[in-house]
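Written out below as C-alpha cells is the structure these notes cover.
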Amino acid sequence: MRVLVSDPLAQDGLELLRAEVIVDVETGLDEDGLAAVIGEYDALVVRSGTQVTERIIEAGSRLQVIGRAGVGVDNINVDAATRRGILVVNAPDGNTLAAAEHTIAMMLSLARHIPQADASLRARKWARKQFVGTEVNGKTLGVIGLGRIGREVASRARGLRMRVVGYDPYMASEPAEQLGIEMVQLDELLAESDFITVHVPLTSDTRDLIGERELGLMKPTARIINCARGGVVDEEAVAAALQDGTLAGAAFDVFTEEPPSGS
C-alpha cells in the first residue's frame with residue numbers, strides 16, 4: 001500500500017506509518033500538482049493545508065482512504081469521496097489539548113499585549129506603561145461551540161477564575177452546567193463577554209458566524225479569538241471594528257486565505 005502525506009506531520013507519526021506501508025511526503029502541492037500524482041497512491045493523509053477537491057478525488061484512481069490528521073473534514077470533499085466509495089476519516093482527539101492550550105495562550109497574549117511588547121523591546125524601546133493590558137481574572141469568556149476543544153478551553157478558563165458562558169445549539173444545558181458553563185443564546189453571549197472564542201467547523205451555517213451585526217453587539221472593550229477555522233469570523237468586519245475602536249482586540253491563527261495576503 002502506498003500512502004501520500006501532503007501536509008507536514010510529526011516524524012513520530014511518519015515512522016508509525018512507515019512501519020506498515022510505503023510513505024511518500026510531498027508538501028506544498030497545489031491542486032494541479034496533487035492531481036498529477038495522486039493516481040499512484042492508495043491513501044492520502046492531510047492536515048488543514050491541503051484542499052482535497054473533487055478533481056483530486058477523481059484523479060485518485062487507486063484511492064481507498066483519505067485521512068485528516070486532526071479535527072474536522074471540512075477541507076475534504078466528502079460527497080465526492082463517498083460517490084467513489086473512498087473512506088474519509090479524521091482524528092478528533094488528535095490536537096484537542098494543543099488547540100485548547102493555544103487558545104488560552106492567544107487570550108493571555110491578547111490581554112497582556114505580549115506580541116506588541118515583544119516587538120517594542122526588540123526595537124530597543126522601553127515603553128512598559130503602554131503594555132499593561134487587562135486581567136482575565138473575574139472576566140467573562142464566551143465560548144462558541146462546546147465540542148471537545150471548546151469544553152477544554154472552558155475548563156482552563158475556569159482555572160483562571162473566569163466566568164464562562166457558552167453557546168452551542170447541539171449541547172444541552174445540564175452537562176454544560178456540570179462543567180461550570182452557563183448556557184446562553186448567541187446574542188446574549190456576545191453582549192456579556194469580555195473575551196470570545198470560537199470552536200466550530202467551517203460550514204455553510206458557520207461561515208461569517210461573527211460578522212458586522214454580531215460585532216456590533218459586543219462591548220467596545222471586548223476581544224475575540226479564532227483558533228478554529230478561517231471564515232468563521234468576518235476578518236474585514238473585525239478590521240473595521242478595530243479601526244473604529246468598537247472592538248478592543250483580536251487574535252487569529254486561522255484565516256480565510258492561508259497564508260493571508262493583501263489583508
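Hydrogens, waters and symmetry mates play no part in the numbers below; they use all other heavy atoms, side chains included. Owing to the predicted nature of the structure, the values given are computational and were not obtained by experimental measurement.
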Please give me the minimum heavy-atom distance between Ile104 and Arg156, naming the atom from each residue.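 That would be CG1-CB, 3.9 Å.
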
Determine whether the side chains of [X] and [Y] contain a donor N or O and an acceptor N or O closer than 3.5 Å.
X      : Y      : value
Thr50  : Asp7   : yes
Glu26  : Ser6   : no
Glu257 : Ser261 : yes
Glu192 : Thr140 : no

What salt bridge (charged side-chain N to carboxylate O under 4.0 Å, His left out) pairs are there with at least one residue in residues 35-46, not counting sequence neighbours?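 Sorted pair list: Arg2-Glu40, Asp42-Arg62.
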
Suppose we screen for side-chain contact (heavy atoms from CB on, under 4.5 Å). Which residues come up paired with Thr206, at least two apart in sequence or across chains?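 Applying side-chain contact (heavy atoms from CB on, under 4.5 Å) to Thr206 gives Val200, Leu202, Thr203, Val232.
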
Do the side chains of Asp118 and Arg122 get close enough for a salt bridge, i.e. N-O under 4.0 angstrom?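 Judged by the 4.0 Å cut-off on N to carboxylate O distance, Asp118 and Arg122 do form a salt bridge.
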
Calculate, to the nearest 0.5 Å, the distance between atoms [atom1] and [atom2] belonging to [X] and [Y] respectively.
X      : Y      : atom1 : atom2 : result
Ile114 : Leu110 : CD1   : CG    : 10.0 Å
Lys139 : Leu141 : NZ    : CG    : 12.5 Å
Asp208 : Arg213 : CG    : CZ    : 13.0 Å

By the side chain to side chain donor-acceptor pair (under 3.5 Å) test, which pairs, at least two apart or in different chains, include something from residues 164-182?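 Non-adjacent pairs meeting side chain to side chain donor-acceptor pair (under 3.5 Å): Arg163-Glu182.
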
